Structures are given as C-alpha cells and as structure tokens.
Amino acid sequence: MAIDQETVARVAHLARLHISEEDGAEMSSRLSDILAMVDQLQQADVADVAPLAHPLEVTQPLRKDEVTEPDIREQALKLAPAAEGGCFLVPRVIE
Amino acid sequence: MIDLTLTELKDALARGDFSARELTAAYLQRIREHNGTLNAYITVTEEQALAAADASDARRARGEAGLLEGLPVAHKDIFCTRDVRTSCGSLMLDTFNAPYDATVVARMADAGAIMLGKTNMDEFAMGSSNETSYYGPVRNPWDTARVPGGSSGGAAAAVAGRLAPAATGTDTGGSIRQPAALCGVTGLKPTYGRVSRWGMIAFASSLDQAGPMAHTAADCALLLQAMAGHDDKDSTCVNEPVTDYCAALSGDISGLTIGLPEEFFPDDLDGRIADATQAVVRVLEQRGARVAKVSLPSVALSVPAYYVIAPAEASSNLSRFDGVRYGHRCDDPADLMDLYKRSRSEGFGEEVKRRILVGTYALSHGYYDAYYLRAQKVRRLIRDDFKRAFEQCDVLLGPTSPELAFALGSKKDDPVTMYMADVFTIAVNLAGLPALSMPAGFIDGLPVGVQLIGNYFDEGRLLNVAHSYQQETEWHRQAPALGGTA
C-alpha cells in the first residue's frame, strides 16, 4: 500500500514528529517500500488463529503494594532540560 | 593476554599470572590504539575501570573472588549505568546520565566484572549495520571498509578486535547474533524473560532480550550465569531456576538431534555460506549428533510480521522521549506542541523516525486489524512451527546471516534491503526462543556465523553444542590483523 505525503503528515502529527515538506516526499517513498514488504502478511491464512501478543504463556505476577523505590526526585529533576520549584518546566499551556 | 578467552583469563587471574589492574590496563591500551579506527566504544570509562580493578584485586586478596572477578567487560550503551552517559546511540540521550545501574550491569559488577566502557550501537538498537548511530558507524575489525552488523555492532567489533574480552548485547530481531556472525564472535540471545531488562532502554518490549557476546560458548556460559535470573523490578523476567550453564558444557552431544529447517537453506542462499553451514553439521555428526530435516513454513512471513510488531511497540516505547523530563529539548519552543515535535524530530535520526511512523500508522484507526492484529496472528503461526519442530529435534541449525559483512554505506538508503539482513534471526524473537551464533569459518577473509536455536530455557544445551563444536575447531580463536592492510 502506498502512503502519500498527506498521510505521512497526519501520522507524523500523531507521533509528535515534524517532517518537513522537503523530507516528506522521501519519507513517503521509504514508508511505502516498507508497507509494500509488510503487505506480504495479507497472504497468510489466519482465519481461526488467535493473536499472540507475548511469546511465553505466563501471566503477570502480582506483588504486594508496598513502596520499594527510594525518593530520587532531586536526581530526576537534574536530568530535566528545565525544572523549577520541584517541577518540570514547559511552555505555558493555559493562558 | 588479550588473545586469551574470558574463561582462560579467569583461570589466569585465579593463578595470579597477572592482576585485574594489569589486565584492565592492557585492554584500555588496546582501546586507545584502535578505537579511533573501529569506533566500537562511545564512552570509555578508564578511571572507573582502573579503580574497579584495584578494588577487585583487593577482594581477591581477601579471598572474596566472585564469578567474574577482575574480568573486563564492555556494556552496550543501551544499559543504564549510574553517572556514566547512556546514549542508546542517539542525540536524544547524548547528555543522559542515568541515576541507577541496569540489573545486568549491577549483577555483573557484583560478580566482580570491570566495566571498560559503553559500546556503540545503532540508534535505539534499530539497525543491522551500526550505521544509524549518532556517534558514527562502527567498522568491522576484519575489514574496516565493512560494517560490523548491528545493532550490537560496537560490542561485536570490540570483542573481535580484542578491545574487550566480553561484552553485553541486546537482541530484538538479531542484534546479538547477526553482528556476532559478521565479526566472528560467539553471541547468545537467551529465552525471552531469562535476563532482566530493568534499566535496558526499551525498543520492542515483547521481543527485546539481553545476552552475552564473547569469543567462545564457554565464555558466554560464564557471562549468562552472572546475568540470568529473576528480578522483581522486571515483571517480564521469569521466575524459573537458572541452569548451571558452565556445568552443562560436557562437550558430549551423542544422541543429539539437529533439525535443519529447509526455509533456512533457500535456493538463492550464497552457496559459500550454505557450504560453511553444512560443514558445521558434518563436524557435529562426527561428534555423535543425528540430523533431521524439518520445515517452518510460516517463517517466510517473519520479516513482515516483525516490521509491524517491532515498530508498533517502538512507537509506543519511544513516546517517553518528549523533551520534558530528560533527553534532548529544542531551543525556544513556541508552545508545548512545538516543544514535543521539534525536540523529537531533532533528537531522533531517520531510521528511528521511520519506524515510529510505521508503528504509529500500523496502530492507527482503520489499519490496526489489517496490520497489527494480523501480524500477531502470524506470530502465533511462527511460534507453533517452532513448537512442532522441537517435537522432532533438540536444536535447529542454519546460517545466522544470508550474507557476509557488507560494505559501509551499501544499504544505508534502502531500509527494506537492510531489513532482510535479519531474515534468519527474526523468527526466533517472535517465538521468544534462545539462539546463538558461533564462528564457522571464513570466506574471502570475512567471518561466517552459524545459528543454533534451542527450545525455551534450553540455553545450557545450546551452549554445550557450540562448546562441542569449538573443541573441534579453531575459528573462534582467529584474530583480525588490526593496523595492517587487511
């Protein structure tokens, strides 16, 4: 299936990526190549086959709801591109 | 000492032939001499390594030597290391210093291993040639005009080039085995869930698994012994007893049944690679193994299924890189949307963006059933093929890669051709099985790898088959002539 530049732009927005118009043509051609390869999946007879999300037939273990992690708030904030007053700093979102 | 295997180095340290400090210094010297050419390391932790080596020598003097005491290792730059940059090969994390060690890193350090540094890799482990790294491509020690494979290309090149005796890698679709094959080292992808992924930056969470890379199967057994086991911090890390992998290395494979899947020997397979693979089969037969022909018909669809499932999971995993909490942030964002979009577009390279877009598309409204759901159904068919095959045989064998190390730049702009580099390795990840690649000879001076696939949690048997082969052959002991004209 071919994926046009308009679709690339729509999907890029969903993925929070900016693809410039000049890169859009190249991207749409590469993505079309990939989707053409992926379309081989349509040959498979998967009627009555259940999807497999995870390779092992195990269930998620449960643990007691206890605090086990130390407080690393200061270290975590040090990693942030911008932080102030114990919070991550982003551009104003409410006028 | 740099031509010794990890197992030999362990014995030499125990005998006192040299100290951990002397050994570590020898590898740091090799790195200084050759990393400029190979680009195998992104970060070299010289000071920490020497301090850790001194501490290791002191522990040994007190009679407290651990399983990996004093042995230098290189960690793929996907494993978080406290206060040492973890870049994942990306500008996005160029300045990221994790506040903690990954479980794999911590376990190996607890066993006495010395970290030499962090190895280069394809960006976010997305690639089969190590050319997508923000830090530039790694070069193959056997021919520096060629790729080392990927994504654990730095790890494979470091071991092959004697810039480390052992390394950690990760494998989502072949990222341990394919570079191991192209660089002539032994690499094991364990069963999904065998090794903790806590602190290992996620690419595709239903596929990712960490494993060892070294010269021999015995070395990988030693490393896996330290790496494997349950971890409360990773809910996908299974709570199954860990085999004594080193004790599994009897070398005896009499009565073993090796399955040869016809799909791993297609008509268009490079005849030289097919011959090298058959030569391995003959050695194993001489050592008492039997051969059976098997078929894995759905494996033909493993590459397309993978290139839906892996990008879909990646598009979700990589949404955490938002320019807010850590990682790259663009200059002067106009608003929050601009901050997200420009930070991510600047921070990620082309291949990562392509895969995020494919994954987002495959998961988006109207396409989910046709792509993602269908790929998951095909995934079950592939898993069931392997289950049937393991009713007839103990291990499966075939070439690791359909080709030898290829020229740098030869596939860089053609993603679909690049994806086919993993045509023999990807099905194993979809099924969650363990598999290893071992050196099986040379063609035109370039290493060839053969892949062995085992049943779930049967790493001990896989390692023993490879060990048996390595008792009979010397391919794993060959060293490239670095600095020469080769």
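Please read these numbers as outputs of a predicted model, since none were measured by experiment.
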Residue part contacting chain B, namely of [X], when any heavy atom lies under 4.5 Å:
X	answer
Arg10(A)	side chain
Asp23(A)	neither
Leu77(A)	neither
Thr68(A)	neither
Met27(A)	side chain
Val46(A)	both
Ala83(A)	neither

Structural part of [X] lying under 4.5 Å from a heavy atom of chain A:
X	answer
Val324(B)	both
Tyr306(B)	neither
Ser319(B)	neither
Leu430(B)	backbone
Leu339(B)	side chain
Ala375(B)	both
Met418(B)	neither
Phe386(B)	neither

- Message: Please check: side-chain N/O of Arg92(A) versus main-chain N/O of Asp335(B), any donor-acceptor pairing under 3.5 Å?
- Response: no
- Look only at the side chain of Arg380(B) and the backbone of Pro51(A), and say whether a donor-acceptor pair between them is shorter than 3.5 Å. yes
Between [options], who has the most heavy-atom pairs with chain A when the cutoff is under 4.5 Å?
options	value
Leu373(B), Asp413(B), Asp384(B), Val238(B)	Asp413(B)
Ser235(B), Gly193(B), Ser206(B)	Ser235(B)
Met337(B), Arg379(B), Arg342(B)	Arg379(B)
Glu346(B), Lys353(B), Glu313(B), His328(B)	Lys353(B)
Phe348(B), Tyr372(B), Tyr307(B)	Tyr307(B)

- Query: Would Gln75(A) and Tyr100(B) satisfy side-chain contact (heavy atoms from CB on, under 4.5 Å), going step by step from the backbone distance to the final call?
  - Reply: CA-CA 10 Å; Gln75(A) 286 155 279; Tyr100(B) 61 92; over 6 Å; no
What heavy-atom pair brings [X] and [Y] nearest, and what distance separates the two atoms?
X	Y	answer
Pro55(A)	Ala431(B)	CB-O, 3.4 Å
Thr7(A)	Tyr361(B)	CG2-CE1, 3.8 Å
Leu89(A)	Arg329(B)	O-NH2, 2.7 Å

State the [atom1]-[atom2] distance between [X] and [Y], to the nearest 0.5 angstrom.
X	Y	atom1	atom2	answer
Leu14(A)	His365(B)	CG	NE2	12.0 Å
Ser315(B)	Arg16(A)	OG	CZ	13.0 Å
Glu350(B)	Glu26(A)	CD	CD	8.0 Å
Gln40(A)	Ser302(B)	CD	OG	9.5 Å
Phe96(B)	Leu79(A)	CZ	CG	5.5 Å
Leu381(B)	Asp45(A)	CG	CG	8.0 Å

- Message: Pair Ile19(A), Leu357(B) - check side-chain contact (heavy atoms from CB on, under 4.5 Å), show working.
- Response: CA-CA 10 Å; Ile19(A) 306 291; Leu357(B) 291 174; 4.2 Å; yes
- Sorted by chain and number, sequence neighbours left out, side-chain contact (heavy atoms from CB on, under 4.5 Å) with Ala421(B) holds for Ser128(B), Gln178(B), Glu403(B)
- Item | Option that, when pairs with chain B are counted at under 4.5 Å, heavy atom only, ranks first among Ala82(A), Ser20(A), Pro91(A) | Pro91(A)
- Query: Who among Gln43(A), Lys78(A), Glu57(A) has the most heavy-atom pairs with chain B under 4.5 Å?
  - Reply: Glu57(A)
- Could you walk me through whether Leu17(A) and Tyr340(B) pass the side-chain contact (heavy atoms from CB on, under 4.5 Å) check? CA-CA 8 Å; Leu17(A) 287 169; Tyr340(B) 291 149; over 6 Å; no
- Under 4.0 Å between a Lys/Arg side-chain N and an Asp/Glu carboxylate O for Glu69(A) and Lys233(B)? no
- Message: Do Asp39(A) and Tyr371(B) have side chains that approach each other closer than 4.5 Å (heavy atoms only, starting at C-beta)?
- Response: yes
- Among Gln376(B), Lys377(B), Arg374(B), find the one that has a side-chain contact (heavy atoms from CB on, under 4.5 Å) with Val49(A). Lys377(B)
- Sole candidate of Leu35(A), Ile34(A), Val38(A) that passes side-chain contact (heavy atoms from CB on, under 4.5 Å) when paired with Val308(B): Val38(A)
- Message: Could you work out, with salt bridge (Lys or Arg N to Asp or Glu O under 4.0 Å) as the rule, every residue matching Arg388(B), not counting sequence neighbours?
- Response: Asp385(B)
- Task: Test side-chain contact (heavy atoms from CB on, under 4.5 Å) on Leu56(A) and Glu240(B) and set out the steps.
- Result: CA-CA 12 Å; Leu56(A) 299 181; Glu240(B) 293 276 332; over 6 Å; no
